**Q** 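Here's a structure for you.
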Number of protein chains: 2
Amino acid sequence: MLDPRKRPRQDRSKATVAAILEAAVELFTEMGFAKTTTNRIAERAGVSIGSLYQYYPNKNALLVMLLEQHILHAGPVIEEAIKKLTQTDRDLEQRIRGLFEQVVALHDMAPDIHRMLFEEVPKPPSIQELSLQSEKRMAKLTEEVLREVVGEERPNLDMTAIVLVQTSEALAHWLAIRAPDSLERERFIDESAKMMVRYIGVI
Amino acid sequence: MLDPRKRPRQDRSKATVAAILEAAVELFTEMGFAKTTTNRIAERAGVSIGSLYQYYPNKNALLVMLLEQHILHAGPVIEEAIKKLTQTDRDLEQRIRGLFEQVVALHDMAPDIHRMLFEEVPKPPSIQELSLQSEKRMAKLTEEVLREVVGEERPNLDMTAIVLVQTSEALAHWLAIRAPDSLERERFIDESAKMMVRYIGVI
DNA sequence: AAAAAGGATGAGCAATTACTCACATTATTA
DNA sequence: TAATAATGTGAGTAATTGCTCATCCTTTTT
């Protein structure tokens with residue numbers, strides 16, 4: 001389940017490993033995780049099944065790798081954007097909207113794989129832990145920003161941060177899944193930002 | 001996949017069918033959908049594997065049945081609660097909070113099965129359609145209530161309704177999954193309701 | 001150039017598992 | 001009570017599939 005396999009040393013094998021992961025992404029999104037066989041992944045990658053198992057100990061490892069990549073990529077992007085919230089001079093609504101648009105953009109990058117990763121697969125504990133950590137960091141950052149924006153005296157800033165993080169995540173998710181036309185999309189983003197701004201309160 | 005099987009006529013077989021579904025719920029939540037075998041379900045139900053396949057054409061049918069039951073139960077409950085929103089005389093915050101608590105209660109009833117149903121399983125198209133319909137009905141109802149509460153002139157009431165429905169669903173979901181202690185729970189519900197109230201605006 | 005290490009292959013095994021069917025048992029109907 | 005329908009049984013099968021390993025090819029090191 002977790003035993004580490006051979007690591008690719010030469011360029012040739014690095015390409016193999018990459019091709020396998022790419023093929024896995026394609027097939028997972030096309031047919032879902034359960035219906036994708038490792039043999040097909042190898043076939044699609046133009047590689048023998050033996051090579052696959054030389055670098056990935058089992059089917060689940062491919063999934064874990066994908067999830068890790070996703071979390072490890074998305075986390076820092078959002079965290080950067082949150083930090084920049086206090087460093088601009090537009091009004092709060094514009095800034096919140098901008099931040100939310102970044103969250104949306106992340107979901108939009110690959111809505112299929114995103115849906116698959118988050119709706120179709122039992123997440124292994126190690127991944128659950130990872131995304132929990134990521135959520136916590138984002139909430140913490142949000143809380144700090146809030147402290148600067150609304151001041152110390154407001155109570156429950158920690159919960160406020162959690163509510164905001166979860167809300168924006170969920171709304172961006174909805175947008176990626178439902179994929180409405182651009183007009184509805186704009187209106188949805190408007191309303192989402194409006195809700196968060198009014199909640200935060202200080203105009 | 002969809003072919004209908006024999007229907008239970010006598011009480012005996014009705015009990016069998018019920019026992020099978022109950023066992024399926026238990027095992028699905030215990031081990032996840034993929035790792036649960038139909039033979040184990042029959043065993044747990046105290047019934048032979050042949051009986052299982054007499055009433056459920058395949059493993060997926062059990063899942064579909066569960067999802068249907070869930071949606072068909074939860075939908076009307078929430079819709080009732082939304083309708084009652086305008087028929088009470090408490091202030092808006094209290095009413096929104098009450099409504100949200102009902103959504104939370106629905107998730108709390110069986111958080112394990114809920115998580116399994118919504119995070120671990122590829123949903124068949126028929127079920128996706130069903131939950132889409134349910135969402136739409138809830139949004140429609142919410143929109144009507146909003147119209148009474150904030151008046152006709154406010155724009156984007158349809159989107160406002162969708163945002164509210166999705167938000168409360170997501171936040172209730174978070175609460176069921178993370179299951180924080182009762183103090184945090186209260187604070188979280190407070191903040192959630194507060195956000196929605198401020199968004200709606202009219203105090 | 002020889003040795004060693006890295007990389008690739010794919011036929012086939014072992015295990016799992018959804019599902020069938022011929023038959024037995026129980027209930028209902030005539 | 002005989003005939004018929006409903007229900008229940010579970011050993012066995014067919015198909016799937018994750019994964020191994022003996023073997024060969026390629027690159028790097030000595």
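Lettering follows sequence order; numbering is per chain, from 1. From a predicted model like this one, the values you see are computed outputs, not experimental measurements.
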**Q** Return the value, rounded to whole Å, for the distance between atom NZ of B/K59 and atom P of C/dC19.
**A**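 These atoms are roughly 9 Å apart.
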**Q** Atom CZ of A/R5 to atom P of C/dA8: distance rounded to whole Å?
**A**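 Taking atom P of C/dA8 as the reference, CZ of A/R5 is at 15 Å.
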**Q** Side chain to side chain contact (heavy atoms under 4.5 Å, CB included) between B/I189 and B/E101: does it pass, once the steps are laid out?
**A** CA-CA 8 Å; B/I189 293 178; B/E101 272 170 352; 4.1 Å; yes
**Q** Nearest of D/dA11, D/dC19, C/dA18 to any side-chain atom of B/I49?
**A**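 Within the option list, the nearest is D/dA11.
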**Q** In whole Å, I'd like the distance from the NZ atom of A/K35 to the P atom of D/dA15.
**A**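 Going from NZ in A/K35 over to P in D/dA15 covers 18 Å.
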**Q** Among the nucleotides C/dA11, C/dA18, C/dG6, which one has an atom lying closest to any side-chain atom of B/T38?
**A**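 Out of C/dA11, C/dA18, C/dG6, the nucleotide with an atom closest to B/T38's side chain is C/dA18.
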**Q** When all nucleic acid strands are considered with a 4.0 Å heavy-atom cut-off, which category describes B/R9: base, sugar-phosphate, or nothing?
**A**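 Touches sugar-phosphate only.
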**Q** Which nucleotide sits closest to the side chain of A/N39: D/dA6, C/dG10, D/dG18?
**A**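 The closest nucleotide is D/dG18.
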**Q** Of the nucleotides C/dG7, C/dC19, D/dC19, which one has an atom closest to the side chain of A/N58?
**A**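 Nearest listed nucleotide: D/dC19.
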**Q** At under 4.0 Å between heavy atoms, what does A/S13 touch on the DNA or RNA strands: base, sugar-phosphate, or nothing?
**A**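 Contact class for A/S13: sugar-phosphate only.
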**Q** Please report the closest heavy-atom contact between A/P111 and A/A176, naming both atoms and the distance.
**A**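 Answer, listing the atom of A/P111 first, then A/A176: CB-O, 4.0 Å.
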**Q** C/dC21 P sits how many Å from B/L52 CG, rounded?
**A**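 So the two atoms are 16 Å apart, to the nearest Å.
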**Q** For the pair made of CD in B/Q54 and P in C/dA22, what is the distance, rounded to whole Å?
**A**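 Distance, rounded to whole Å: 14 Å.
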**Q** Using whole Å, what does the distance between atom P of nucleotide D/dT7 and atom CD1 of B/I20 come to?
**A**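 Atom CD1 in B/I20 sits about 12 Å away from atom P in D/dT7.
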**Q** By nearest atom, which of the nucleotides C/dA18, D/dT26, D/dC19 is closest to the A/R12 side chain?
**A**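 In terms of side-chain proximity for A/R12, the closest of C/dA18, D/dT26, D/dC19 is D/dT26.
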**Q** When you measure from the centre of the six-membered ring of A/Y199, is the NZ or CZ of A/R154 closer than 6.0 Å and no more than 45° off the axis?
**A**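 Ring-cation test returns yes.
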**Q** For this output row, return yes or no: ring centroids of B/H70 and B/F118 closer than 6.0 angstrom.
**A**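 Yes - the distance between ring centres of B/H70 and B/F118 falls below the 6.0 Å cut-off.
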**Q** Would you tell me if any nitrogen or oxygen in the side chain of A/Y53 comes within less than 4.0 Å of OP1 or OP2 on D/dC21?
**A**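 So the side-chain polar atoms of A/Y53 never come under 4.0 Å of the phosphate oxygens OP1 or OP2 of D/dC21.
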**Q** Please compare B/G50 and B/D11 by the position of their nearest nucleotide in DNA chain D and report the one closer to 5'.
**A**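 Nearer the 5' end of the strand: B/D11.
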**Q** With respect to the phosphate group of D/dT7, does any side-chain polar atom (N or O) of B/R7 fall under 4.0 Å of OP1 or OP2?
**A**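 B/R7 to D/dT7 OP1/OP2: no side-chain N or O under 4.0 Å.
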**Q** Show your reasoning for whether side chain to side chain contact (heavy atoms under 4.5 Å, CB included) applies to B/M116 and B/L63.
**A** CA-CA 10 Å; B/M116 183 260 142; B/L63 184 69; 3.8 Å; yes
**Q** Between C/dG6, C/dT9, D/dT9, spot the one nearest the side chain of A/S48, thanks.
**A**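 My answer, after comparing the listed nucleotides, is C/dT9.
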**Q** Would you mind reading off the distance between A/R40 atom CZ and C/dG10 atom C1', rounded to a whole angstrom?
**A**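 In whole Å, C/dG10 C1' lies 17 Å from A/R40 CZ.
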**Q** Base, sugar-phosphate, or nothing: which does A/Y56 touch, judged by heavy atoms less than 4.0 Å apart?
**A**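 No contact at all - A/Y56 keeps every heavy atom at 4.0 Å or more from the nucleic acid.
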**Q** Rounded to the Å, how far apart are B/E43 CD and C/dT17 P?
**A**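 Atom-to-atom, B/E43 to C/dT17, this comes out as 13 Å.
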**Q** Using a 4.0 Å heavy-atom cut-off across all strands, classify B/T37 as base, sugar-phosphate, or nothing.
**A**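 Contact class for B/T37: sugar-phosphate only.
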**Q** Heavy atoms only: give me the nearest A/Y56-A/M65 pair and the separation to one decimal.
**A**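 In this case the closest contact between A/Y56 and A/M65 is CE2-SD, 4.3 Å.
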